[in-house]
Each structure stands twice: as C-alpha cells, then as structure tokens.
Amino acid sequence: MKLNIAVLPGDGIGPEISEQGVAVLRAIGERFGHEMTFTSGLCGATAIESVGDPFPEDTYRLCASADAVLFSAVGDPKYDNAPSASVRPEQGLLAMRKRLGLYANIRPIETYDCLVDRSPLKTELVRGADFVCIRELTGGMYFGEKYEGEDRAYDTNVYTREEVERILRVGFEYARRRSGHLTVVDKANILASSRLWRRIAQEMAAQWPDVRTDFMFVDNASMRMIQEPGFFDVVVTENTFGDILTDEASCITGSMGLLPSASIGEGTPVFEPVHGSWPQAAGKNIANPIAQILSAAMLLEHFGLVAEGAAVREAVAASLKANVRTPEIQVEGGQVYGTREVGAWIAEKVKSI
Ligand code: IPM
Ligand code: MN
C-alpha cells in the first residue's frame, strides 16, 4: 500500500515523539513492503513563531492532500500564562479538527498487566480495564458562540441533531463490534444540550437492539471511571466532557504517555497522542513515545493494515515487558531508557515480528 502521511510535530516534546512514531512506521513499511512518504508541516506555537498562524494554510493543504496525519502535540506555557493573547497554539489544533471535519475522537484505554503497579488505582481495579471513549470533537463549547467582555464572558454549548446523531452512530457501531455495551455520558439533569443528546440516543437505541445502552451523568461517570473502570466498554460523550474524562481515564493505565487516539470524520484522519506538549520535558529525551507509536498503530489499522498494527502493538508490549521504559514507568532500580532508545527498540522489534 502507498501511504502519503503528513507529519505535524508541533511543540514541546512533540518533535521528539514524532520522530519515533515516524521511525516505527518506516520500520513497518520496510517489514511489510509498504511505500510510505512523510512530509512535515508547521503547527502550534512553532507555527505562530515562524508564520504568525497556529494552523497555516500550507499546513492545511498538506493535511487535506495526505492520506493521514500523524500529529504530536501543541501548547506552550508562554501562551497559557497570557490569557489575553489573541493567537494561541491550541487554536491550531481546533482549526485542524474543524477544517478537516474530524468530529469523532476515538480514545482507547487499554491496560498492560506488567504496568498495573504503576497505576495510582488498586491493582484489582486496573487489571483488565479496557474501554473506548468516543469524544465528539467539532461541536459544543469549544466551537459555540463566545463572548469575552471585561466583566462578563460566556461559551455556548450548542449541538444540533445532525451532530449528535453522527457521533452516536459511531458509538453504537463501536459497541456492536465490541461487547455490546454503550454508556452515553451527559448532564441531562441540568443542560438542555445534554437533554437533546439523551433524547436522540434513546430514539437511536431502538435501531441497535443488540447494544445495551445506558446513560450516566458526567459527575457520576467521572467517579465510576476510577471506582470501577471495568464497568465501561464504549463511552460516548460531548466535546468538553470527553476532554476531561479522557485525561482522567489516562491515569488508569499508569502513564498518560501510553494513550493514543484517532480523530476521524469527513476529511483526512488524524492520529495523535492524548497527552499534551509537556514543555518542561522538551529536549530532555525523557518523554514516553508510546502514545505516539500506538497512534501510528491506529493509523495502520484505519487503512485495514491489521497485521501491521498488531506488530506495532506487540512490539510495544514487548518493550514494556523487557523493562525498556521511559523514567515515569521504569521499575525501581531499573535501567532508564530515553525517548529515542525506547522508540529505536520498538522500531527494531517490529522488524522481527
Ligand atoms: C486534547 C487537548 C486539546 C483539547 C487542547 C490542546 C486544545 O487537551 O486533545 O484533549 O482540549 O481538545
Ligand atoms: Mn485534553
């Protein structure tokens, strides 16, 4: 297969992990005989600094004409501490999602047996936790009408039937392919937008009689997720709730540096880690490249390259088992490996799977 991949390294640890994601894809290309081309583009703070726009038109064109985007991270503390800045790195990511029509963000939460002791949760809760969060990505408060005055400000959490139906469809289909359990997370006791979600989900549930659909308020869901993560199989929710819940969910596995995601919809799909740009670690060779590498696995699987995706996953699992790990998940007294070393180990490993 020929794959033309746009690579957006972004900011902070982005470039380091991006390099490892690309290395693993190259290794897969070699091992399985696929022709992959990689073209880099600017985004985030890096793009603001060089061209004044966090998602420049050139980058949009690069993404729009690619088969897939391998994205890393954006964000810089310079902007976090300047609420009045008119351009912000995060706007680049939002612009990319919106312009490419990526309304569904798929965030699988998988745990590794050899890492259960790294989780802040009790081992018996973590073992076997395995669910997928499907986060709506181009609607809600992120994109609704905003007002920012001196003494008053608001964001509008707006959703249309069409937006809700298409994301719920993704949820029902995922649930059907997995164990048939879908949890729709909302705040229907308070929010009108949530009541729309719930009404539509109830209507649609009749078309998926094989899926057991339940509804949960987001405050309750956030508690349940750490009290009994094994309860969940497929979670579908709106943009803001999904953002928050998936950060929480990422802790279950033991490191945020392990979780990949896929953003899909109308245009070119984007594959990106759930974690952010971790600016404090930039250039230190300590960031875990696995979330990026597993995002590359999701990219391969998106194109039906199942054996290739499985090879990446197997190599990742082998690296963890062999204690080839970055500092945040290294066993006590174990040898610490850097971003580059972990990436290189996995890239080498896929060649022999
Ligand atoms: C994420 C991130 C982004 C979001 C930021 C960087 C705009 O936190 O992908 O979860 O809030 O969607
Ligand atoms: Mn987030």
Side-chain angles (χ1 to χ4, degrees), residues 8-15 17-18 21 42-48 53-55 59 63 69-83 85-109 132-144 146 155-157 159 163 167 185 218 221-222 225 235-253 255-265 269-282 287-288 291-292 294-295 298-299:
L8 306 189
D11 309 321
I13 57 168
I17 58 168
S18 175
L42 289 174
C43 71
T46 320
I48 298 178
D53 180 347
F55 189 59
T59 303
C63 295
V69 177
L70 188 70
F71 181 93
S72 299
V74 291
D76 188 295
K78 202 164 95 190
Y79 300 89
D80 296 345
N81 302 326
S86 60
V87 264
R88 321 180 65 79
E90 290 79 5
Q91 286 165 350
L93 181 53
L94 300 191
M96 178 180 74
R97 291 170 178 171
K98 196 69 172 179
R99 293 194 71 184
L100 297 175
L102 306 173
Y103 59 82
N105 183 218
I106 317 294
R107 297 186 161 182
I109 318 295
V132 183
C133 283
I134 296 169
R135 166 188 177 195
E136 200 290 327
L137 204 58
T138 50
M141 264 197 285
Y142 274 65
F143 294 96
K146 289 174 192 294
D155 304 278
T156 320
N157 200 29
Y159 270 106
E163 286 173 321
I167 189 72
V185 172
V218 63
S222 71
M225 214 162 256
V235 173
V236 63
T237 191
E238 59 130 276
N239 204 345
T240 309
F241 297 163
D243 177 47
I244 298 167
L245 285 178
T246 51
D247 261 36
E248 185 190 1
S250 75
C251 293
I252 300 170
T253 58
S255 168
M256 213 183 172
L258 296 170
L259 290 199
S261 85
S263 301
I264 56 174
V270 173
F271 300 87
E272 54 173 312
V274 169
H275 64 71
S277 60
W278 198 16
Q280 302 78 358
N288 196 334
Q292 179 82 82
L294 290 175
S295 300
M298 291 185 85
L299 183 158

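These values consider heavy atoms only, across backbone and side chains, with no hydrogens, waters or symmetry-generated copies. Read the numbers this way: they start at 1 and go in the same order the structure lists the ligands and their atoms.
Among V74, L299, L70, L93, the single residue meeting the side chain to side chain contact (heavy atoms under 4.5 Å, CB included) criterion with E272 is L93.
For the pair N239 and L137, the minimum side-chain heavy-atom distance is below 4.5 Å. A heavy-atom distance below 4.5 Å is not found between the side chains of I48 and K78. Using a 4.5 Å cut-off on side-chain heavy atoms (C-beta onward), R88 and P54 make no contact.
The closest non-hydrogen atom to atom 9 (O) of ligand 1, taken over R97, E272, R88, Q91, comes from R97.
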Tell me, with the steps shown, if L259 and R107 meet side-chain contact (heavy atoms from CB on, under 4.5 Å). CA-CA 7 Å; L259 290 199; R107 297 186 161 182; over 6 Å; no
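Among heteroatoms of the N, O or S kind in D243, OD1 lies nearest the Mn ion (ligand 2).
Per-residue contacts place R107 under 4.0 angstrom from the following atoms of ligand 1 (heavy atoms of the residue considered): 1 (C), 9 (O), 10 (O). Numbered from 1 in the order shown, with element, the atoms of ligand 1 that lie under 4.0 Å from a heavy atom of E90 read 6 (C), 7 (C). Per-residue contacts place L93 under 4.0 angstrom from the following atoms of ligand 1 (heavy atoms of the residue considered): 3 (C), 6 (C). Near R135, the atoms of ligand 1 lying under 4.0 angstrom from a non-hydrogen atom of the residue are 1 (C), 4 (C), 9 (O), 10 (O), 11 (O), 12 (O). Against a heavy-atom cut-off of under 4.0 Å, Y142 is close to the following atoms of ligand 1: 4 (C), 11 (O), 12 (O). Close contacts of ligand 1 with D243, meaning ligand atoms under 4.0 Å from a residue heavy atom, involve 1 (C), 4 (C), 8 (O), 10 (O), 11 (O).
Residue contacts with ligand 1: H275 is excluded, as none of its non-hydrogen atoms falls under 4.0 Å.
Taking backbone and side chain together, D247 holds no N, O or S atom under 2.8 Å from the Mn ion (ligand 2).
Closest heavy-atom contact between S295 and F271: O-CB, 3.5 Å. Between I109 and T253, the closest heavy-atom pair is CG2-CG2, 4.0 Å.
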